[in-house]
Amino acid sequence: MSVEARDVAPAATYKETFHLGRYIRSNTTQLGILGVFFAMWTFFILAAPQTFLSPQIYLAFMGTIPFFAIVAMPLTLAVIAGEMDLSFSSIMAIGTVAFIAAFQATGNMWLGLAAGLTAGFLAGLLNGLIVVYIGIPSLVVTIGTQYLWRGAVLLLVGGKGSTLVDARGTFLYTALVGKIGEYLPLQMVWLVIIAIATWVFLNRHRIGAHIYLIGDNEKTSRLMGINVDRTRILVFCLVGVASAFAGILASLHVSFFWPSLGEGYLLKTLAAVFLGGTSVFGGTGTILGTFIGAFIIGAIEAAIVAIGLTGFWTQFIYGLIIIVSVSMHAILRKRMG
Amino acid sequence: MDAECRLELRKISKRFGEVHALQNVDFQLGRNEVVGLLGDNGAGKSTLIKIVTGYHQPTEGEILFEGKKIENLTVPLARELGVETVYQERALAELQTLWRNIFLGRELSGRLGFLRVHDMKQETHRLMVESMGFSSAAVIPESIIRTFSGGEKQGVAIVRALYFDADIIVLDEPTMGLSLKETRRLLDFVRSIKAAGKSAIFIDHNVFHVYDVADRVVVLDRGRAAGEFRVKDITLDDLMDKMYQIAETGSFD
């Protein structure tokens, strides 16, 4: 602890050696979620072998899970930053409305996509601005904007759905929700790209580092000169853009826009983030955890039906998963000291 | 006086709503000088240093670095101007790793803001061995700060302040919660700041600590600068008497 110490001959280079015990300790949550994943997978295979031993079911998962898993990626960033966003389900719909309006007016899918993503960005920006500059907890703000945007969608489309059959056969349609070699759904490829991009952003970029720090200790972040407000607003914008993108994918996939688009994804997306080990208190969380969490959540619905229970069980089980995973994390955190 | 001062505050006032935390405070920090800031709770010590570090903006008054007036001082700007701070609350992110805390808010990054993770871990390791005295194999750059002892956390906060080659090191109640041995190490460290030709502002409740390491003592009372003494011109007993007098009457006479 002295100033001159910096002139001392350099210390031996630090080698990042692999140490099993240390690895397990520092990756407890991720290993835990992997354990849950394999345990549940085994259980599903034993309970419904016809379903879970056929490759069809896995292709089906890759076709449907990305629609909420894509939103779960930036939502993980928001939760790590200590925020919450419940408006993404409605932003999926308002973004798709903007997409359809621009697409129908110009006949150009690219313009439609640009309009949809811009609408998502602006909706996220509004969340961020209210949270940061008016100072209302994001949980409350985004319940408000959730209803606001859902209401706007219903008003704009008069409560009616609309067909997207015109989009079929366009290049962008194929690039977004087509299939590679007749099997692999492209939305799965988009999910993987977005997951990797989010991981790099969170773990290898300054802003990602700031997201962890803000969620861990906001006061410290401000004392050390981190632009807390700007980082928060950006995170809400990312959730907005991803929501609009996912809404467009989900609508193109079925070639139809339902004004209720997104409502069914609200609980699943939150459950994926929390099951994935992201702390509801902020400061910790991983992209890999959310990725695996999304696939567990997606598989549960199929498993419930395959096992022979009624579909009414799904909401009950999602609710249970959220409560249990959030509580587990709180208990682990208390134990840590 | 101007060019002599690393830092000068002129007629600084700070109001929080109706509360006058500071009123018309003048303050100078010379080159290679350690100034002790003394005063009772609520005297305005923390507000004053948070103005120096750019965390609070003064309601009125001027801030000069090296004789140059600085408008709109923010934390990043203050750090760029060479101010590093060891905060009372330590300002650590406890759930994060050691290396992320060392580079907190000033991450080494390349173009486009991508982190130089390898370099940061190497630097952290070097600082641990050379400056923090962590030689135990249990502590690595990836260790989570939460598992550290109070003294170790303080060591992290101090080494971080040093790493960025600060000209002005602000220490806000750095001895709080430290053991006797750790306190002695800390006071040695403050002396080493002076030996290295840098300046420091040192806040402590303990008059003995301040008297021990400071060149000059500035006493704040209820938001005003009540007086200052060169340590070599005053005995510890006289300083203590003055402190009581200020606390009771608000003035020296």
Side-chain angles (χ1 to χ4, degrees), chain A residues 1-19 21-23 25-29 80 82 200-228 231 279 281-285 332-333 335-337, chain B residues 50 53-55 74-79 85 87 89-97 100-101 103-107 109 112-115 117-118 121-122 124-133 140-144 146-147 155 158-159 162-163 165 185-186 188-189 192-193 195-198:
Chain A
M1 247 193 339
S2 77
V3 178
E4 308 94 296
R6 296 192 63 186
D7 303 329
V8 173
T13 343
Y14 166 59
K15 287 187 203 70
E16 288 182 62
T17 47
F18 182 79
H19 189 287
R22 186 187 288 152
Y23 181 81
R25 267 196 307 282
S26 53
N27 293 287
T28 321
T29 341
I80 291 173
V200 170
F201 181 65
L202 181 62
N203 294 287
R204 290 292 179 271
H205 196 275
R206 287 176 71 95
I207 301 173
H210 295 173
I211 287 171
Y212 275 117
L213 295 165
I214 290 169
D216 190 330
N217 193 330
E218 189 194 333
K219 179 84 188 289
T220 287
S221 302
R222 288 189 191 276
L223 284 172
M224 300 309 282
I226 288 172
N227 196 328
V228 174
T231 308
S279 166
F281 305 109
T284 57
L332 281 175
R333 190 145 160 163
R335 277 233 192 114
M336 269 170 71
Chain B
K50 280 184 174 133
T53 61
Y55 183 76
T74 58
V75 177
L77 181 56
R79 292 185 87 177
T85 313
Y87 283 103
E89 50 269 65
R90 306 244 154 88
L92 298 171
E94 302 231 334
L95 300 172
Q96 314 303 322
T97 58
R100 280 182 185 264
N101 271 279
F103 292 95
L104 208 167
R106 285 185 101 173
E107 297 81 9
S109 54
L112 304 172
F114 287 101
L115 300 175
V117 173
H118 176 79
K121 286 181 185 170
Q122 289 297 336
T124 303
H125 179 71
R126 188 176 65 76
L127 291 169
M128 277 165 51
V129 174
E130 292 174 3
S131 312
M132 281 185 260
I140 57 169
E142 274 94 351
S143 296
I144 303 289
R146 185 171 204 159
T147 59
I158 289 171
V159 167
L162 285 181
Y163 176 77
D165 232 354
R185 262 160 63 92
L186 183 101
D188 286 343
F189 157 72
S192 78
I193 293 175
K198 294 158 188 285

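Protein chains get the first letters and strands the later ones, always in sequence-line order, with residue 1 at the start of each.
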Exercise. Specify which of B/Ser143, B/Ala78, B/Gly105 makes the most heavy-atom pairs with chain A at under 4.5 Å.
Key: B/Gly105
Self-check item: B/Tyr55 side chain near A/Met224 side chain, heavy-atom distance below 4.5 Å
Solution: no
Quiz prompt | Pairwise side-chain contact, A/Arg204 with B/Val117, heavy-atom cut-off 4.5 Å (strictly under) | solution = yes
Exercise. Look at the side chain of A/Arg206 and the backbone N and O of B/Glu107, then say whether any donor-acceptor pair between them is shorter than 3.5 Å.
Key: yes
Practice problem: Could I get the full list of ring-ring contact (aromatic ring centres under 6.0 Å, His included) partners for A/Phe201, not counting sequence neighbours? | Solution: A/His205
Quiz prompt | Heavy-atom contact with chain A under 4.5 Å, split by part of B/Tyr87 | solution = side chain
Practice problem: List the atom of B/Ala91, the atom of A/Leu223, and the distance in Å for their closest heavy-atom pair. | Solution: CB-CD1, 4.1 Å
Quiz prompt | Partner chain B: residue of A/Asn227, A/Asn203, A/Thr284 with the largest heavy-atom pair count (under 4.5 Å) | solution = A/Asn203
Exercise. Would you check if the side chain of A/Thr220 reaches a backbone N or O of B/Leu92 as a donor-acceptor pair within less than 3.5 Å?
Key: yes
Quiz item: In Å and rounded to the nearest 0.5 Å, what is the OH to CG distance from A/Tyr212 to B/Leu104?
Solution: 14.5 Å
Self-check item: Minimum heavy-atom distance between A/Ala209 and B/Leu115, given as atom pair plus value
Solution: CB-CD1, 4.2 Å
Quiz item: Do the side chain of A/Asn217 and the main chain of B/Ala93 share a donor and acceptor less than 3.5 angstrom apart?
Solution: no
Quiz item: Of all heavy-atom pairs between B/Pro76 and A/Gly225, which one has the smallest distance, and what is that distance?
Solution: CG-O, 3.4 Å
Quiz prompt | Residue among B/Lys50, B/Arg106, B/Lys121 with most heavy-atom pairs under 4.5 Å to chain A | solution = B/Lys121
Self-check item: With sequence neighbours excluded, residues passing ring-ring contact (aromatic ring centres under 6.0 Å, His included) with A/Phe281
Solution: none
Exercise. Under 4.5 Å heavy-atom distance to chain A, tell me which part of B/Leu112 shows up: side chain, backbone, both or neither.
Key: backbone
Exercise. Kindly indicate, with the supporting measurements, whether the criterion side chain to side chain contact (heavy atoms under 4.5 Å, CB included) is fulfilled by B/Gln96 and A/Leu213.
Key: CA-CA 8 Å; B/Gln96 314 303 322; A/Leu213 295 165; 4.0 Å; yes
